[in-house]
Chemist: 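For reference, the structure I am asking about is given below.
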Amino acid sequence: MTELSKNYEHSEIEGRLFKSWLDGAYFGRDAGGFADKDKAPYTLVIPPPNVTGVLHMGHALNNTLQDILTRRARMQGHPTRWILGTDHAGIATQNKVEQKLADEGLTRFDVGREAFVQACWEWRSKYGSTIIEQLKGMGCSCDYSDEKFTMDPGYVTAIRKVFVDWFHHDLIYKGHRIINWCPRCTTALADDEVAHADETGHLWYLRYPLVQPVGDLSYLVVATTRPETMLGDTGVAVNPADERYSALIEAGAQVRLPLMDRVIPVFADDYVSVDFGTGAVKVTPAHDPNDFDMGQRHGLEQLNVLTEGAMVNANGGRFAGMTREQAREAVVAAFEELGLLDHVEAHQHAVGHCYRCDTTIEPWLSEQWFVKMKVLAEPAIKAVRTERVVFNPRRWENVYFQWMENIRDWCISRQLWWGHRIPVFYCDACGWKDALEEDLAVCPTCGAALRQDEDVLDTWFSSQLWPFATYGWPDEPGEDTAAKELAAYYPTQVLSTARDIIFLWVARMVMSSLYFLDGEVPFEDVIIHPTVLDKHGNIMSKSRGNGIDPLELIDEYGADSMRFGLALQVTGSQDLKFDKEKVMTLARNFATKIWNASRYVTMNLEDFDQSAAIDEKTGRVAPLALTDADRWILSRLASLTAELGEGREGYEFGVIARALYSFIWNEFCDWYIEFSKGQLALGGAQRAAAQRNLVFVLDTVLRLLHPMMPFITEEIWQSIPHGDSRPSLMVAAWPQAADYASLADAEAERSVDALCAVIGAVRATQARYGISPKQPLAVVVKTTGEHAALNAELLAQQLPQLQSLVRIQSFEAAADAVKPAQSSVTIAAAVEVYVVLDGLVDFEAERDRLIKERDKKTAELAKLEKKLANEGFIAKADPVVIEKTRADAAELAAAISQIEQQLSDLD
RNA sequence: GGGCGUUUGGCGCAGUGGGAGCGCGCUUCCUUCACACGGAAGAGGUCACUGGUUCAAACCCAGUAACGCCCACCA
């Protein structure tokens, strides 16, 4: 047992305690030997942070929540494991390494694929564990002894098994089509990796001359937001029902494409809407997905005019070599020069951007690998419909359904070097090709050298296997370790993550798990946590410069305060506006309060007889309900343990944090500690009981608070004589509500409520008349209501507690007490409190106050009487409510007549 | 164009049918032996608006408005 220092210094304790937890091996499944093997296991997988990642507020929140769940489950005795690891993060990591090369004036092509991949591995070993260290700084109780990585050898095996299986079941195929292309990353992206943003651009109206005039028409006007793509136009489309153009269709009209001098057909297609633009659409099959479809339907040529870096290629004639931005300007200028620019309008439209580098996406025609999603999605939809997987809050299920029900094939190939290379092998000699789980050098049919596909897989393709690949699935031949682990610990209990990866990640884990693990779901619950916004409600972003660095918060306020501050603000429906000053001050003050309350407890234990307080069965200090104050705080503690819900109620982090805050501050500190001062001063049995209860209540709340504030609770817990033999609070037993239920005590609560009312009345009287708190006062209390006689007795017994809070000259409590002369009156729920003011105050002020009080109560009474006069209320309301209303009205009426009486007494 | 969320005292937020709460800030008082990152007493709100259901609505229903987020191939 150590003495608690005068001030709470988070920086002094955090590192030391974390090390002691590591040394105790509490982060593993058996919690250093303290887990209860008979209990159900509890497992969650961390959303693997990118190796390029540094802790941001979203991580701070998400990992706080996961650690709360993990620590609570561990204390409840469940064999608990929070599986840790990182994601290789294809594009992000490749960008970092390319940037490093660029600093040396090199590109990846200069060093070659092999050396580049090697450089990525080196980068990862150098920087990839940054975020892991930051998680430790937060106090996260992940299983650090077995860290996973999405490119571990076992993970590679998993990837290849998945790919080969889907390939052989025709769920993976290669297709030539328009995909989202990032010209800066020079790779394809999946649809959900494209972020759309509304931008104000232009709608350019271009004139395309007809080869042969038809009627009055010598040219067509088409509207476009991307004039540079006209270089690749191979048709112009109109709606078949559009009468303006029906003559053109009948005549089989053609236009001569300006600048390119190419003759292209005018045709009719239902896709074209009559009322947008001019009703005539330029068709660029190689650069627009809709145009691609129309091109397919009408046999148009697909003319690619852009390079992979989004420069105009040789097909672009004299515009070749320009960037797409330059080409846009040049094309518009050329049209203007030719008198073919009809007009320009401002136009708002959504533009796609790369989610990794924000570059404008180019729809681009290329050969890519796709996964057929419909077949996979169906069982995944069903798993959520049947509540085998439950989202919290439930409304996110709608988002999931909406996407899953409209799912499109998933483009999984990336033109990168860092990642899982697509395991498809080709024989150029005989045309053989196949997907293989093991590399193969020569063709099995003709013996020629094989060539492996150049592309790598989308990072999310590997992430989707995370919940089971981290168990070592699939087993190496001859081993069944993973199978055993999965049988014992799969599915995991909960996955906590941000909403923006519901599609990218959550949905895909459900699909792949159902497919590869015999219909098993990857997790039972999904927590979609709020988004952390700045205090004005804006998304935190680099460009806004409004981000808050969690590391600074930890440094300045401590990890516990950050965790508590975040947890406190988690509610089901609302995003989290993070006002650093307010939240962190609140949380830090709370930590200080707990620290000081604990110091108070330890400072009053010099003669504590622990052995007399130990419960033989548990070996821990047990409570002793001696005084009403003792019985009251124990009863309140019983309520608290019941309030911290089990199961999904345990996801109500804000509710739990608030319950703990208000119990500790407003009940334990504000009242019980104050009451205890009187008891301690009395010595004997009262003192002993107070000591036991202070230790017991503090012990219990530290346990309850530990998942949210692990460091400070551990530090204090190590310093108080709770009697528990466990070496760490991390592995101490969770207070079960059932074990505390017998402490509930309605009578004690009533008694202390009355006492608090008396104290409140005296304090208010002092404040009102400017009487010094040091001035001892004569106080008479008349108890009223149902338990008047008993309450009078109970109050009289609490004189020591009363005296710890207010200076008393004399005290009397009785059901038939009489108001002393020259006294003020305060009427509360079950008591009328008279404070003798003889010679202390000006009674005119007391008169004014009483009149105000009377008027207020009269107004309240009128409200209740109106209600009671309402026939509907009497006929239909719950009898209990009616009874309560009647009682309240009677009480008010009595109070008013009391006040009237006092007013006349003043005369 | 669809969908979702939010709207409660100056600020940030709780509160899912029976007398409006918390923290910060504000006013007044108090540095006595846990804590001034504290204690005590106060002031401050027609719970966005309109209509409906109900004996009773911040809470349920319908609609409106503002703000925010997500999804969507109209050039």
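For clarity, every value in this text was computed on a predicted model and none was experimentally measured. Proteins come first, then strands; the chains are lettered A, B, ... in the order of their sequence lines, and each starts at number 1.
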Chemist: Let's test this: given Watson-Crick or G-U wobble pairing with both distances under 3.5 Å, identify the partner of B:G38.
Modeler: B:C30

Chemist: Classify A:Arg599 by what it touches in the nucleic acid, base, sugar-phosphate, or nothing, heavy-atom distance under 4.0 Å.
Modeler: sugar-phosphate

Chemist: Should we count NZ of A:Lys580 as having more than 12 external heavy atoms under 6.0 Å?
Modeler: yes

Chemist: Any side-chain donor paired with an acceptor under 3.5 Å for A:Glu345 and A:Tyr205?
Modeler: yes

Chemist: Taking only side-chain nitrogens and oxygens of A:Arg763, does any of them come within less than 4.0 Å of OP1 or OP2 of B:G39?
Modeler: no

Chemist: Select one nucleotide: of B:A34, B:C73, B:G18, the one nearest the side-chain heavy atoms of A:Tyr271.
Modeler: B:C73

Chemist: If you check every side-chain atom of A:Thr224, which of B:A34, B:A75, B:C69 has the closest atom?
Modeler: B:A75

Chemist: State which of B:A34, B:G12, B:A75 makes the closest approach to the side chain of A:Gln569.
Modeler: B:G12

Chemist: Does B:C60 have a Watson-Crick or wobble mate here (both distances under 3.5 Å), and if so which one?
Modeler: B:G52

Chemist: Output the single nucleotide from B:A75, B:C71, B:C24 whose closest atom is nearest the side chain of A:Lys582.
Modeler: B:C24

Chemist: In whole Å, I'd like the distance from the NZ atom of A:Lys580 to the C1' atom of B:G23.
Modeler: 18 Å

Chemist: Both distances below 3.5 Å, Watson-Crick or wobble geometry, any strand: find the nucleotide opposite B:G44.
Modeler: none

Chemist: Distance-only, no hydrogens or angles: does the A:Asn596 side chain make a donor-acceptor pair with backbone N or O of A:Thr592 under 3.5 Å?
Modeler: yes

Chemist: The side chain of A:Val272 lies closest to which of these nucleotides: B:G5, B:A75, B:C74?
Modeler: B:A75

Chemist: In whole angstrom, what separates A:Glu865's CD from B:A56's P?
Modeler: 19 Å

Chemist: Please report, rounded to the nearest Å, how far the C1' atom of B:C37 is from the CD atom of A:Glu9.
Modeler: 12 Å

Chemist: Between A:Gln348 and A:Glu199, do the side chains contain an N or O donor and an N or O acceptor separated by less than 3.5 Å?
Modeler: no

Chemist: C1' atom, B:C59 versus B:G52: distance in rounded Å?
Modeler: 15 Å

Chemist: Report yes if at least one side-chain N or O of A:Lys577 is closer than 4.0 Å to OP1 or OP2 of B:G68; otherwise report no.
Modeler: no

Chemist: Any side-chain N or O of A:Gln574 below 4.0 angstrom from OP1/OP2 of B:G68?
Modeler: no

Chemist: Suppose we define a pair by two distances each less than 3.5 Å, Watson-Crick or G-U wobble; what does B:G1 pair with here?
Modeler: B:C71

Chemist: When the C1' atoms of B:U50 and B:C13 are considered, how many whole Å apart are they?
Modeler: 27 Å

Chemist: Considering Watson-Crick and G-U wobble pairs with both distances under 3.5 Å, what does B:A66 pair with?
Modeler: B:U6

Chemist: Give a yes-or-no answer on whether the side chains of A:His298 and A:Asp269 include a donor-acceptor pair shorter than 3.5 Å.
Modeler: yes

Chemist: Output yes when at least one side-chain N/O atom of A:Lys535 is less than 4.0 Å from OP1 or OP2 of B:C13, else no.
Modeler: no

Chemist: When the distance from CZ of A:Phe663 to C1' of B:A14 is rounded to whole Å, what number comes out?
Modeler: 20 Å

Chemist: Could you state the OH-P distance from A:Tyr208 to B:A75, rounded to the nearest angstrom?
Modeler: 16 Å

Chemist: Can you tell me how far C1' in B:G44 sits from the matching atom in B:C37, rounded to whole Å?
Modeler: 25 Å

Chemist: Measuring from the side chain of A:Asp670 (C-beta onward, heavy atoms only), which nucleotide among B:A75, B:G39, B:A41 has the closest atom?
Modeler: B:G39

Chemist: When the P atoms of B:C61 and B:C22 are considered, how many whole Å apart are they?
Modeler: 28 Å

Chemist: For nucleotides B:C69 and B:C30, find the distance between their C1' atoms and express it as a whole number of Å.
Modeler: 49 Å

Chemist: Please determine whether a side-chain nitrogen or oxygen atom of A:Trp665 lies at a distance below 4.0 Å from atom OP1 or OP2 of B:G39.
Modeler: yes

Chemist: Looking at A:Gln296 and A:Phe292, would you say the former's side chain and the latter's main chain have a donor-acceptor pair under 3.5 Å?
Modeler: no

Chemist: Across all strands, who's sitting opposite B:G23 as a Watson-Crick or G-U wobble pair, both distances under 3.5 Å?
Modeler: B:C11

Chemist: OP1, OP2 of B:G38 versus side-chain N and O of A:Asn589: anything below 4.0 Å?
Modeler: yes

Chemist: Roughly how far, to the nearest 0.5 Å, is CZ of A:Arg226 from NE2 of A:His202?
Modeler: 15.5 Å

